[in-house]
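Down below is the structure, laid out as structure tokens.
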Amino acid sequence: MPTPPESALLDWPPPVLRAVSPPTYWRCEADWSWDARPLPEYLLWCVLDGVGTLRWGDRAIALTAGSCAVFGPGDAPRARHDPRRRLLVFGIHFDAYDAAGARLPPPRIVPPHNGSVTHDRALVVALARRAEAAHRQPGRYAARTVLLCLEQLLCLLWTDAGRPAPDPVDAVLDEIAGDLRHDPGRRWTVPELAARTRLSRAQFTRRFAARTGLSPTRYLIRARIDRAHELLTRTTMSAARIAHALGYPDPAYFARQYKQVTGEPPSHSRNGR
């Protein structure tokens, strides 16, 4: 079975994207239906709310919030929705060319598993909002912002293609891991974190370790030491102040733990050895 081509988004120089239509939202009318003529260019189509069905070629998918598709030239999509749960859609028509000016073919632009639900709906909503707002602003920076949002949305769809969405507990575990990395100096407790997942302490510890490769306690230690290393190498804060900021009541204990994790004492990191 042949290997599908990689996205043109990974090419260097990168592809040239050109917006053919303004980035647009529309809340589909109650009696709305869509039977498109064959498209002359590409169309990014993202469902932000509502439910419905989408067909193009020999494919048929159920639409829900987060469903995203990229249609290529020649595609003639058809869609319907539940009038009681009308679709809210963001879309932008665009074209894509390589560095020599040749139009890129659909296999280089359309992601595998096209039409699936993206894992990061919040990012889709934010990029759609930014692109639509930028289009209404004057200037070259605004026009460039529209294309950057389009490129980021395409990258997101290629990244998500074929990956199973995390189950609800895994999604909470990812949030917890992010919170530990972003605020390692806080006095986190395992019971507090386990309560967020609605798991027992033992179940939470097991699931967290399976998800991240470390127990919650070891993960927090790693996050603290990573932050300490950054502060030692990029600021003039003393090791004692860093230890206190990261929740270590004893600078000597901080130094021992730092060496256990990094293999060197804090003074070596400070001096750039």
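Residue indices begin at 1 and follow the sequence shown.
Every residue two or more places apart in sequence or in another chain was checked for a side chain to side chain contact (heavy atoms under 4.5 Å, CB included) with D58, and none qualifies. Applying the side-chain hydrogen bond (donor to acceptor under 3.5 Å, both in side chains) criterion to T197, with sequence neighbours excluded, gives no partner residue. Not a single side chain to side chain contact (heavy atoms under 4.5 Å, CB included) links P40 to another residue, sequence neighbours left out. Every side chain to side chain contact (heavy atoms under 4.5 Å, CB included) that R234 has, sequence neighbours left out, goes to E230. For A30, the side chain to side chain contact (heavy atoms under 4.5 Å, CB included) partners at least two apart in sequence or on another chain are P83, R86. Residues forming a side-chain hydrogen bond (donor to acceptor under 3.5 Å, both in side chains) with Q203 (at least two apart in sequence, or on another chain): S200. Taking R59 as the reference, nothing meets the side-chain hydrogen bond (donor to acceptor under 3.5 Å, both in side chains) condition, with sequence neighbours excluded. Checked against salt bridge (charged side-chain N to carboxylate O under 4.0 Å, His left out), D183 has no partners two or more places apart in sequence or in another chain.
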**Request:** Test R18 against E41 for side chain to side chain contact (heavy atoms under 4.5 Å, CB included), laying out the working first.
**Result:** CA-CA 10 Å; R18 294 177 184 168; E41 66 279 306; over 6 Å; no

- Message: Checking D49 against R27 for the salt bridge (charged side-chain N to carboxylate O under 4.0 Å, His left out) test, could you report, in this order, the C-alpha distance in whole Å, the side-chain angles of both residues, the deciding distance, and whether it holds?
- Response: CA-CA 9 Å; D49 191 21; R27 174 72 74 172; 3.3 Å; yes

Report task. Go through the steps to decide whether D174 and H119 satisfy the test side chain to side chain contact (heavy atoms under 4.5 Å, CB included), and finish with yes or no. Result -> CA-CA 12 Å; D174 290 343; H119 300 172; over 6 Å; no

Trace of the side chain to side chain contact (heavy atoms under 4.5 Å, CB included) decision for I221 with R218: CA-CA 5 Å; I221 291 172; R218 296 303 304 175; 3.6 Å; yes

Please determine whether side chain to side chain contact (heavy atoms under 4.5 Å, CB included) holds for the pair D170 and R207, giving the CA-CA distance in whole Å, both sets of side-chain angles, and the decisive distance to 0.1 Å. CA-CA 8 Å; D170 284 341; R207 288 284 296 267; 3.2 Å; yes

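Grouped with V51 in a hydrophobic cluster is no other residue, since no side-chain heavy-atom contact under 4.5 Å to another Ile, Leu, Val, Met, Phe, Trp or Tyr is found. Applying the under-4.5 Å side-chain rule to Ile, Leu, Val, Met, Phe, Trp and Tyr, the cluster around I176 extends to V169, V172, L173, L180, W188, V190, L193, L199, F204, F208, L214, Y219, L220. Annotation for W12: hydrophobic cluster partners, listed by chain and number, are none (ILVMFWY side-chain heavy atoms under 4.5 Å, direct or chained). In the hydrophobic clustering (ILVMFWY side chains linked at under 4.5 Å, chained through shared members), W26 is joined by W32, W34, L39, L43, W45, V47, L54, W56, I61, L63, F71, L87, V89.
In this structure, T118 and C68 approach most closely via the heavy-atom pair CG2-SG, 4.4 Å. The two atoms that bring V117 and A65 nearest to each other are CG1-O, 3.9 Å, heavy atoms only. P38 approaches G74 most closely through the heavy-atom pair CB-O, 3.8 Å. Pairing each heavy atom of S21 with each of I92, the nearest pair is O-CG1, 3.6 Å. Contact record, F90 with L48: CB-CD1, 4.1 Å, taken as the closest heavy-atom pair. Heavy atoms only, all atoms of each residue included: V146 and A134 are closest at CG2-CB, 4.0 Å.
Between L44 atom CG and H93 atom NE2 the span is 10.0 Å, to the nearest 0.5 Å. Between atom NE2 of residue H244 and atom CG of residue D250 there is a gap of 13.0 Å, rounded to the nearest 0.5 Å. In this structure, the separation between CD1 on I109 and CG on L154 is 6.5 Å, given to the nearest 0.5 Å. In this structure, SG on C149 lies 9.5 Å from CG on L123, to the nearest 0.5 angstrom. Expressed to the nearest 0.5 Å, how far CG of D226 lies from CG of L231 amounts to 11.0 Å. Summarising the geometry, atom CG belonging to L153 is positioned 15.0 Å from atom CH2 belonging to W158; distances are rounded to the nearest 0.5 Å.
V124 and L88 end up in the same hydrophobic cluster when Ile, Leu, Val, Met, Phe, Trp and Tyr side chains are linked at under 4.5 Å. Under a hydrophobic clustering in which Ile, Leu, Val, Met, Phe, Trp and Tyr are joined whenever their side-chain heavy atoms come within less than 4.5 Å, directly or via other members, I242 and Y253 fall into the same cluster. Residues Y258 and M237 are members of one and the same hydrophobic cluster, defined by side-chain heavy-atom contacts under 4.5 angstrom among Ile, Leu, Val, Met, Phe, Trp and Tyr. Both L157 and V125 are members of a single hydrophobic cluster when ILVMFWY side chains are connected at heavy-atom separations under 4.5 Å.
Counting only distance, with no hydrogens or angles, the side chain of T24 and the backbone of P22 share a donor-acceptor pair below 3.5 Å. Side-chain atoms of D75 do not come within 3.5 Å of backbone N or O of P77 as any donor-acceptor pair. Between the side chain of R121 and the backbone N or O of G66 there is no donor-acceptor pair closer than 3.5 Å. Checked by atom type and distance alone, the side chain of S67 pairs as donor or acceptor with a backbone atom of T64 at under 3.5 Å. Under a 3.5 Å cut-off, the side chain of H81 and the backbone N or O of E29 do form a donor-acceptor pair.
At least one side-chain heavy atom of V70 sits less than 4.5 Å from a side-chain heavy atom of P111. Contact check for E175 versus R196: side-chain heavy atoms found under the 4.5 Å cut-off.
With salt bridges taken as basic N to acidic carboxylate O contacts below 4.0 Å, one links R108 and D11. Using a 4.0 Å cut-off between charged nitrogen and carboxylate oxygen, E132 and R136 count as a salt-bridge pair.
Counting non-hydrogen atoms of other residues, nucleotides and ligands closer than 6.0 Å to CZ of R198 gives a total of 12 or fewer. Counting non-hydrogen atoms of other residues, nucleotides and ligands closer than 6.0 Å to OH of Y25 gives a total above 12.
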